[in-house]
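Structure first, then comments.
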Amino acid sequence: MAKQLVMPPDNYTVRLDYMKKIREWNKDLSKKRKVFVQTFGCQQNEADSEKYLGMAVDMGYEPTNTPDNADLIIVNTCAIREHAEKKALSIIGQYKHIKAKNKDLIIGVCGCMVAQEHRREELKMKYPYVTFTLGTASLHHLPRVLWETIESKKRLITTDSLEDFTETVAEGMPIRRGSGYRAWVSIMYGCNNFCSYCIVPYVRGRERSRKKEDIIAEVKALVTEGYKDITLLGQNVNSYGKETDTDFADLLAELDAIEGDFWLRFMTSHPKDASHKLIDVMANGKHIAHQFHLPLQSGNDTVLKAMNRHYDMARYMSSVHYMRLKMPDITITSDIIVGFPGETEEQFEDTLKALRNVEFDMLYSFIYSPRKGTPAAEEEQVPDTVKGSRFDQLLTTQNEIALSKNQPMVGNTVKVLCDGISKGESSIYSGRTEGNKIVFFHGTPDMIGQFVNVEINKAEAFALWGEIIN
Ligand code: 5AD
Ligand code: SF4
């Protein structure tokens with residue numbers, strides 16, 4: 001039987017109490033209970049998963065990298081496109097067999113997909129082995145939900161409609177980061193923009209910014225711990241602080257003043273808010289990576305209007321020109337959607353033209369996917385075959401541009417943050433440049449998590465190759 005649970009506002013002391021209860025329950029076992037966290041979707045979800053794992057470890061669970069021996073599985077889902085939801089549902093389907101072998105297994109489905117009522121309903125009815133659901137704004141309620149399900153031995157399918165999306169951000173959560181040198185730092189949650197194709201405002205709620213002091217303290221601590229690449233996260237970071245007297249450029253300037261050897265990046269930005277002030281702060285900064293991810297979505301003004309994007313190509317190009325003027329070495333990347341409802345061949349051609357005009361270093365390309373409840377999903381759709389062919393043309397065009405952007409780097413020596421052995425060959429290491437480009441080189445284990453200098457000797461559309469220079 002499933003029970004509905006209304007989420008109360010966050011209360012730090014109450015949260016700690018629940019965590020303590022579970023820690024006690026997990027104590028003195030001959031074999032520690034294990035937790036497995038499976039993440040789908042964007043960096044924000046990666047960052048949220050680090051909190052789920054952090055809380056679970058704090059409550060006495062041991063991380064495992066397979067669901068097969070887990071006692072607690074958390075699936076952090078994505079809803080941005082249908083494919084992401086299908087993938088999550090298929091994985092959740094496979095957990096039925098694990099549950100059959102371990103009746104005490106607790107399976108929690110969290111994140112954007114379960115913020116939609118029809119998906120919660122589906123999980124409740126068709127996936128009886130799913131123990132609880134928890135929406136994006138309820139992340140910090142994991143200890144409470146977990147304890148209630150342990151005590152009651154009942155399923156808890158929570159309703160996000162009762163979640164308080166305006167709740168002030170929960171601070172003081174344990175975070176278990178994926179590495180000791182790259183870190184995500186969420187600075188704001190939610191989105192107010194309601195682009196007509198996008199589900200995010202419905203599943204993540206309105207914009208809420210963290211306090212500046214909390215962010216500064218977190219970044220300072222990370223730098224002291226030796227983190228070298230810190231990415232500030234938010235659905236729309238340049239809206240940071242709009243509800244207060246600060247703004248994103250001011251925050252960035254203050255973070256840039258922190259002493260140390262590190263890169264500071266941010267994502268994602270909205271072109272309507274890419275101000276000269278922000279670009280000036282980047283250009284004058286010591287630590288701010290000369291990299292800008294600025295989702296264009298379409299190169300046609302009519303489509304941009306139908307997408308409710310609040311900028312046109314002229315406005316976008318003027319930001320690009322100002323960035324290149326102030327930072328000639330800047331890497332600019334973007335998101336493009338093909339096959340938005342009503343997109344004509346000519347309008348799509350405008351997108352290809354825009355790619356050639358801007359010359360993006362890298363592009364994340366998506367086929368439009370109708371999202372239930374969004375305005376664009378109600379419009380007449382572009383046939384799948386047309387979408388597919390436009391997608392292929394987009395990739396071909398961008399591959400040529402990316403290669404032409406990378407080729408001039410041959411012969412240059414670049415600073416690279418080393419990630420480790422690349423898949424396949426044991427002596428080939430990979431890392432990322434300040435512009436977030438991937439570089440392969442012959443490395444050694446002591447380089448992992450360190451900055452190294454690499455002289456580039458080969459360029460491809462998606463990667464650079466080189467050798468270490470002392
Ligand atoms: N279909 C396809 N792509 C989408 N995106 C957002 N919503 C959709 C959708 N319904 C893309 C946008 C956004 C990126 C994160 O995902 O390009 O910038
Ligand atoms: Fe979605 Fe637009 Fe908000 Fe980005 S700015 S999360 S695309 S609604």
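Both counts, for ligands and for their atoms, begin at 1 and track the order of listing.
Within the structure, the side chain to side chain donor-acceptor pair (under 3.5 Å) test picks out the following pairs touching residues 318-332 (sequence neighbours left out): Asp280-Tyr322, His290-Asp329, Arg315-Ser319.
Using cut-offs of 30° and 60° on the angle between ring planes, the pair Phe340 and Tyr197 is perpendicular.
Of all protein N/O/S atoms, those under 2.8 Å from atom 2 (Fe) of ligand 2 are Cys195 SG, and waters are not counted.
For the pair Arg81 and Phe366, the cation-pi criterion (under 6.0 Å, within 45° of the ring axis) is fulfilled. A cation-pi arrangement, defined by a distance under 6.0 Å to the six-membered ring centre and an angle within 45 degrees of its axis, is absent between Lys228 and Phe262.
Judged as a salt bridge (charged side-chain N to carboxylate O under 4.0 Å, His left out), and not counting sequence neighbours, Asp392 has no contacts.
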task = For salt bridge (Lys or Arg N to Asp or Glu O under 4.0 Å), just list the numbers for Arg371 and Glu85, CA-CA rounded to whole Å, side-chain angles, deciding distance to a tenth of an Å, and then say yes or no.
result = CA-CA 11 Å; Arg371 305 285 65 212; Glu85 294 194 306; 3.1 Å; yes
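Each of Ile80, Arg81, Tyr197, Gln297, Asp335, Ile337, Phe366, Ile367, Tyr368, Ser369, Arg371 has a non-hydrogen atom positioned under 4.0 Å from some atom of ligand 1.
In this model, no donor atom of one side chain and acceptor atom of the other lie less than 3.5 Å apart for Thr268 and His293. For the residue pair Asn76 / Ser49, a side-chain donor-acceptor distance below 3.5 Å is found, with atom types taken as modelled. No side-chain donor from either of Ser422 and Ser430 sits under 3.5 Å from a side-chain acceptor of the other.
Interface of Tyr197 with ligand 2, defined as ligand atoms under 4.0 Å from a residue heavy atom, comprises 7 (S).
When each of Asp301, Val358, Leu304, Asn357 is paired with Tyr316, the side chain to side chain contact (heavy atoms under 4.5 Å, CB included) condition holds for Val358 and for no other.
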